[in-house]
Engineer: 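Shown below is the structure under consideration.
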Amino acid sequence: MPKHIFVTGGVASSLGKGLTASSLGRLLKLRGLKVTMQKLDPYINVDPGTMNPFEHGEVFVTDDGGETDLDLGHYERFIDEPLTRNSNATTGSIYQAVLAAERRGDYLGKTVQVIPHITDEIKRRIKRVATDDVDVVITEVGGTVGDIEILPFLEALRQMRSDVGRDNICYIHVTLVPFIGPSGEQKTKPTQHSVTELRSRGIQPDIIVCRSEAPLSDNLKRKISSLCNVDADAVVNAADARNIYELPLILHSEGLDTVVCNTLRLDAPIDLRPWQDVVDKVEAAVKPVKIGLIGKYVDYHDAYLSVVESIKHAGFHHEANVEIDWIQAEEVEGLLATARLQDLDGMIIPGGFGDRGFEGKIAAAGFARENDIPCLGICLGLQAMTVDFARNVMSLTGANSTEMDPSTPHPVIDLMHDQRDVSDKGGTQRLGAYYAILEPGSRAYQAYGEPVVSERHRHRWELNATWKPRMEAAGLRCSGLSPDRRLVEFIELDDHPFWVATQAHPEFKSRPDRPHPLFRELAAAALARHEARTPVLRAATPSVA
């Protein structure tokens, strides 16, 4: 029977429950255990697919087409295991399932209630990822204890103890230990109150992970242990780290995985060397390189979380410390005459929906093309680069995407043929993993090193296939196609250092110890540009007498 670990949070949101859970998952995997992970989100949306990125950050897409919480990106990057749509469940999807069952008559006319029907459905969601080939299931519950919408989830977690047995369950509670400036002290009261609230719901935490700016003293840990009824070695301090990939080593030094294994009666020795190698690579990344990210949501960096981590992974590979210049797409046209874009070593044009900022993305694509700046386009980025090529190389005035201009005279980007009905915004996209066949000799082929690749998608519009022959004749290389050759998956230019785009979202498959090929090659081209320009920049700098 798989073991279950439940991670809850208190005091404040965004404490790092996801990173704590992910780090623990990696530590258990380093012990040779088969680990999977899951996120339970108390919000009533069915999934985050239609939520504003300013509300929820990026939507992480799984191979099977699930539109899920961004924490699943952390899970996959740390444990390096592909997850599924079953790894994310929301209040909305749970109530939707229960109501559908009621309409079918599954409850035989009984009154449908939170207990047992909602809690049973929550437990069913937890247990369906606990397959026979899994040793440990780590389930994170979003929000904080005390939130009204979290109560059914806490009740389900409480019931799980009886369902699977005490030796098969471990409760971890993540809390905040703030530093109060005027008193010059770290305060434990928020942690005490949070644990009291959790215990009032019938759950006694086995481990408390204390988030703090600075390390906690042993005296403070003993105080928390005494007042919260946990063993002293089960008070784990997760102080702020230099980078997120250092966190597993910090938590191991605090004994987190050891206490978890003791609680769950697991005997598995650990080999930290593979992850220590990752951290060593991160710390060795010192070569400066600047990448511009041309986005609509640059004021909220979590909207591009996987893109940012992917370019960092590529930097680790090349021992480069990537600086990201967050550039608002709507402001690009006003920056064309400034040095800000010219000073970039590389550029990423990420995905998105809607017309706001699209003209800026087109302008950025054109600037990169004309000035030999390495550029990677992702999803909407491919579409912006296609429109730039149509307008400014093929001289097709007014060329556009029908998403932005339904009456464009040159619809080089159009709806997929099987996606004409977009009345259901949550169910009419090309979602999940699809194969593409790469053209031998192309940049894409050289990057991947193989003729057939699989990438995750999330889009409705595509390069209009009727325009493909004319665009290729003008010099645009359609270097990757769907197996039926109907859809253009990759485009590039031959006479450019790196001007490559994909309709997919490659950022979802990058790992800190295995950067995605497209990001890896973008970073290499950007680093080459930086190194080629550095002597010129130095020569232009006046010396000081």
Side-chain angles (χ1 to χ4, degrees), residues 1-10 13 17 21 36-51 56 62 64-69 71-72 83-132 134 136-173 197-205 424 426-427:
M1 174 184 290
K3 308 285 188 175
H4 289 271
I5 300 170
F6 295 109
V7 181
T8 57
S13 60
K17 296 191 304 297
T36 194
M37 300 188 68
Q38 180 183 50
K39 176 74 180 289
L40 303 178
D41 275 309
Y43 55 74
I44 300 177
N45 305 66
V46 173
D47 60 45
T50 58
M51 294 174 73
H56 198 262
T62 55
D64 63 350
E67 292 181 285
T68 70
D69 184 81
D71 273 319
L72 269 72
L83 303 177
T84 70
R85 63 173 70 247
N86 290 340
S87 292
N88 195 196
T90 70
T91 292
S93 68
I94 288 163
Y95 272 81
Q96 187 180 59
V98 169
L99 291 173
E102 186 271 335
R103 292 289 84 187
R104 291 193 304 268
D106 293 359
Y107 301 131
L108 304 177
K110 292 183 179 179
T111 302
V112 178
Q113 297 177 292
V114 172
I115 302 173
H117 302 99
I118 298 300
T119 51
D120 282 353
E121 178 64 18
I122 293 171
K123 291 190 292 181
R124 189 183 73 81
R125 301 294 182 97
I126 295 170
K127 292 174 182 177
R128 74 181 179 184
V129 300
T131 55
D132 291 338
V134 171
V136 180
V137 178
I138 301 176
T139 301
E140 175 195 353
V141 182
T144 62
V145 298
D147 296 343
I148 190 169
E149 59 265 34
I150 205 175
L151 298 181
F153 292 92
L154 296 181
E155 172 60 20
L157 266 57
R158 185 195 67 78
Q159 294 178 17
M160 282 289 294
R161 181 175 54 206
S162 298
D163 291 356
V164 302
R166 188 64 188 89
D167 288 348
N168 294 317
I169 202 161
C170 178
Y171 298 109
I172 299 176
H173 193 51
E197 177 68 25
L198 185 63
R199 292 171 67 185
S200 75
R201 303 300 171 188
I203 297 174
Q204 166 64 49
D424 176 8

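These numbers come from the heavy atoms of this one structure, side chains and all, not from hydrogens, waters or symmetry mates.
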Engineer: With salt bridge (Lys or Arg N to Asp or Glu O under 4.0 Å) as the rule and sequence neighbours excluded, what pairs involving residues 85-98 come up?
Structural biologist: D64-R85

Engineer: Going by side chain to side chain contact (heavy atoms under 4.5 Å, CB included), name the residues that satisfy it together with R199, two or more places apart in sequence or in a different chain.
Structural biologist: V195, Q204, P205, N229

Engineer: Which heavy atom of V112 sits nearest to which heavy atom of V98, and what is that distance?
Structural biologist: CG1-CG1, 3.6 Å

Engineer: Could you list the residues that satisfy side-chain hydrogen bond (donor to acceptor under 3.5 Å, both in side chains) with T68, not counting sequence neighbours?
Structural biologist: none

Engineer: Evaluate the side-chain proximity of F6 to I126: yes if any heavy-atom separation is below 4.5 Å, no if none is.
Structural biologist: yes

Engineer: Can you name the nearest heavy-atom pair linking L198 to V145, along with the distance?
Structural biologist: CD1-CG1, 3.7 Å

Engineer: Let me see the working for T36 and L83 under side chain to side chain contact (heavy atoms under 4.5 Å, CB included), right down to the final yes or no.
Structural biologist: CA-CA 8 Å; T36 194; L83 303 177; 3.7 Å; yes

Engineer: Can you pull out every salt bridge (Lys or Arg N to Asp or Glu O under 4.0 Å) where at least one residue sits in residues 92-105? Sequence neighbours excluded, please.
Structural biologist: R104-D106

Engineer: If you look only at pairs with a residue in residues 89-110, which of them pass as a ring pair (Phe, Tyr, Trp, His ring centres under 6.0 Å), with sequence neighbours excluded?
Structural biologist: Y107-H117

Engineer: Evaluate the side chain to side chain contact (heavy atoms under 4.5 Å, CB included) criterion for residues L157 and T8: first the C-alpha distance (whole Å), next the side-chain angles of each, then the deciding distance (0.1 Å), finally the verdict.
Structural biologist: CA-CA 10 Å; L157 266 57; T8 57; 4.0 Å; yes

Engineer: Tell me every residue that passes side-chain hydrogen bond (donor to acceptor under 3.5 Å, both in side chains) with T119, counting only those two or more places apart in sequence or in another chain.
Structural biologist: none

Engineer: Applying salt bridge (Lys or Arg N to Asp or Glu O under 4.0 Å), name anything that partners E197, two or more places apart in sequence or on another chain.
Structural biologist: R201

Engineer: What residues, two or more places apart in sequence or in another chain, satisfy side chain to side chain contact (heavy atoms under 4.5 Å, CB included) together with S93?
Structural biologist: V46, A89, T90, R125

Engineer: Partners of P152 by side chain to side chain contact (heavy atoms under 4.5 Å, CB included), sequence neighbours excluded?
Structural biologist: V114, I118, I122

Engineer: Could I get the full list of side-chain hydrogen bond (donor to acceptor under 3.5 Å, both in side chains) partners for D69, not counting sequence neighbours?
Structural biologist: K39, H56

Engineer: Taking all non-hydrogen atoms of both residues into account, name the closest pair between A130 and P2 and its distance.
Structural biologist: O-CG, 3.7 Å

Engineer: Counting N and O atoms only, with roles assigned by atom type, does the side chain of T91 sit under 3.5 Å from a partner on the main chain of I44, one being a donor and the other an acceptor?
Structural biologist: no

Engineer: Does D41 reach the main-chain N or O of Y43 with its side chain, forming a donor-acceptor pair under 3.5 Å?
Structural biologist: no

Engineer: Once side-chain hydrogen bond (donor to acceptor under 3.5 Å, both in side chains) is applied, do any residues pair with K17, and if so which ones, sequence neighbours excluded?
Structural biologist: none

Engineer: Does D163 have any side chain to side chain contact (heavy atoms under 4.5 Å, CB included) partners at least two apart in sequence or in another chain, and if so, which?
Structural biologist: K123, K127, M160

Engineer: Within the distance-only criterion (no hydrogens, no angle test), does the side chain of S87 pair as donor or acceptor with the backbone N or O of M37 below 3.5 angstrom?
Structural biologist: yes

